[in-house]
Number of protein chains: 2
Amino acid sequence: MNRDFAGLLKEHGVQPSAQRAAVASYVLTTAEHPTAETVWSRVKKHFPMISRATVYNTLNLLTRKGLLRQFVLVDGKTVFDANVGNHHHFIDKKTGRIYDIPWDALEVSRLESLGRFEVSDYHVVVRGRLKSSARRRG
Amino acid sequence: MNRDFAGLLKEHGVQPSAQRAAVASYVLTTAEHPTAETVWSRVKKHFPMISRATVYNTLNLLTRKGLLRQFVLVDGKTVFDANVGNHHHFIDKKTGRIYDIPWDALEVSRLESLGRFEVSDYHVVVRGRLKSSARRRG
DNA sequence: CACGGGTTTAGAATTAGTCTAAGCATAGAT
DNA sequence: ATCTATGCTTAGACTAATTCTAAACCCGTG
Ligand SMILES: [Mn+2]
Ligand SMILES: [Mn+2]
Ligand SMILES: [Zn+2]
Ligand SMILES: [Zn+2]
């Protein structure tokens, strides 16, 4: 932790600023698939005067620059995911929380047979309950 | 076409009305995965005085009764799907249109190996381009 | 120190969806 | 045939998520 986020942003063509580093330091290290509202509330703890517009701007900018991915799995909520590599998702039906499933944990076959669909990417969305064993990181 | 939608609704525990039959006759027969706004505009052509609230109410009611499914795949738009059986989805990156992939066209393996995740359902979301062959029904 | 480009800000605007309260339709009772 | 209760429909108000706007701000360069 405590990486040099200003440097990281610069490397990805994002001009660094205190606000952007604050957003990045949270959103690029969490596994909780936060909404923009969640990002805002987390970042405000350490940077109380940051505005909502800056949070949205920064999240969209990081997404355009490939540091972040955003997707909508439930309801009307866009969530942000710093895991930009291929992976699948598990949604806990009880809590709505989203967990990553490593790419290699599942295999999808017969994708070549899709006829008129030319596949460029895909992922599996799994829904269910978390087994009762104590939950660890998600 | 021109099925008895009032009868169909009754069979599913939905008290029929002219508005509900109008919504049902469109949304239960289309394959275009429409948004609520799209449903409203289509239904208004044949039933110009129907209100937005009635369209939303009916779509939510049909969903509760199991005649319709709703999901969010892209952007912030909930779409409605009269195909309530298991199936996968293909999203055309160019147009955003959503197409059904029959359940048996794909196979997902190793779902039993997901450890702490207890799977109750899943589906594959595939994205790509539609091959140039003339498009048929989606 | 002034300039200028990019960044941040608060709040207005927009969009999707829900809620409200009044009016309407109709099945059943008389 | 009329009455009535229940449920349906309606317009518009409201809410929540997100984007837009325009002014203020920051900071490196001249
Ligand atoms: Mn966005
Ligand atoms: Mn809904
Ligand atoms: Zn993820
Ligand atoms: Zn479908």
Side-chain angles (χ1 to χ4, degrees), chain A residues 5-6 9-10 12-27 33-44 46-65 67-81 96 98, chain B residues 5-10 12-27 33-44 46-65 67-81 96 98:
Chain A
F5 288 100
L9 294 178
K10 218 175 291 182
H12 286 262
V14 177
Q15 203 167 303
S17 72
Q19 289 87 339
R20 288 173 176 177
V23 170
S25 77
Y26 164 67
V27 80
H33 297 85
T35 63
E37 245 355 77
T38 302
V39 174
W40 190 39
S41 73
R42 295 280 190 285
V43 172
K44 263 196 305 194
H46 300 286
F47 203 136
M49 70 299 299
I50 194 171
S51 88
R52 193 196 310 265
T54 297
V55 170
Y56 275 97
N57 289 342
T58 303
L59 292 172
N60 286 329
L61 179 58
L62 295 182
T63 302
R64 280 199 309 282
K65 295 300 185 174
L67 282 159
L68 206 53
R69 171 188 301 188
Q70 47 188 264
F71 55 92
V72 193
L73 292 180
V74 262
D75 205 19
K77 266 106 194 289
T78 298
V79 301
F80 295 87
D81 192 344
I98 297 165
Chain B
F5 287 100
L8 179 70
L9 294 178
K10 218 175 292 184
H12 286 262
V14 176
Q15 203 166 303
S17 73
Q19 289 86 339
R20 287 173 176 177
V23 171
S25 77
Y26 164 66
V27 80
H33 297 85
T35 63
E37 241 4 71
T38 302
V39 174
W40 192 37
S41 72
R42 294 282 189 285
V43 172
K44 263 196 304 195
H46 301 285
F47 202 135
M49 70 301 297
I50 194 170
S51 86
R52 190 197 312 265
T54 297
V55 171
Y56 275 98
N57 288 342
T58 303
L59 292 172
N60 286 329
L61 179 59
L62 296 183
T63 302
R64 280 201 308 284
K65 296 300 186 175
L67 282 160
L68 206 54
R69 172 188 300 189
Q70 48 189 263
F71 54 91
V72 193
L73 290 181
V74 262
D75 205 19
K77 267 107 194 288
T78 297
V79 301
F80 294 86
D81 192 344
I98 297 166

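Because the structure is predicted, anything quoted here is derived from the model rather than measured. Per chain, numbering begins at 1; letters A, B, ... match sequence-line order. The basis for the numbers below is simple: all heavy atoms, side chains too, and nothing from hydrogens, waters or symmetry mates.
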Tell me, for nucleotides 25-30 of chain D in 5' to 3' order, what letter each nucleotide earns: B for a base near a protein heavy atom under 4.0 Å, S for only sugar-phosphate near one, - for neither? ------
Over how many whole Å does the gap from A:Trp40 atom CH2 to D:dT19 atom C1' extend? 15 Å
Sequence neighbours excluded, which residues qualify as salt bridge (charged side-chain N to carboxylate O under 4.0 Å, His left out) partners of A:Arg52? A:Glu37
Taking atom P of C:dT8 as reference, at what distance in whole Å does atom CG of A:Asn60 sit? 13 Å
Residue-phosphate contact under 4.0 Å: B:Tyr56 side-chain N/O, C:dG17 OP1/OP2: yes
Please identify each residue that fulfils salt bridge (charged side-chain N to carboxylate O under 4.0 Å, His left out) with B:Arg20, with sequence neighbours left out. none
Which atom names give the shortest non-hydrogen contact between B:Ala22 and B:Phe47, and what distance separates them? CB-CD1, 3.6 Å
Do B:Leu8 and B:Val14 touch side chain to side chain, with heavy atoms closer than 4.5 Å? no
Test item: B:Leu61 and B:Leu67 side chains (from C-beta on) under 4.5 Å apart, heavy atoms: no
Return yes if a side-chain donor-acceptor contact under 3.5 Å exists between A:Thr63 and A:Gln70, otherwise no. yes
Residue list, side-chain contact (heavy atoms from CB on, under 4.5 Å) with A:Lys10, at least two apart or on another chain: A:Pro16
Taking the side chain as every heavy atom from C-beta outward, state whether B:Tyr26 and B:Thr38 have any atom pair closer than 4.5 Å. yes
Just how far, in rounded Å, is P of C:dA16 from NZ of A:Lys77? 17 Å
Atom CG of A:Leu59 to atom C1' of C:dT8: distance rounded to whole Å? 15 Å
Heavy-atom closest pair, residues B:Ala24 and B:Leu9: CB-CD2, 4.1 Å
Atom pair distance, as rounded to whole Å: CG in B:Leu73 and P in C:dA16: 17 Å
Starting at the 5' end of nucleotides 6-12 of chain D, put B wherever the base has a protein heavy atom under 4.0 Å, S where only the sugar-phosphate does, and a dash everywhere else. -SSSBB-
Report yes if some heavy atom in the side chain of B:Thr78 is under 4.5 Å from a heavy atom in the side chain of B:Leu59; otherwise report no. no
Take atom NZ of A:Lys44 and atom P of C:dT8, then tell me their distance rounded to the nearest Å. 17 Å
Interatomic distance, B:Arg64 CZ vs C:dT18 P [rounded to whole Å]: 11 Å
Using C1' atoms of five pairs at each end, report the bend of the helix from C:dC1-D:dG30 to C:dT30-D:dA1 rounded to 10 degrees. 10°
Quick check against the 3.5 Å criterion: does A:Trp40 have a side-chain atom that pairs as donor or acceptor with the backbone of A:Ile50? yes
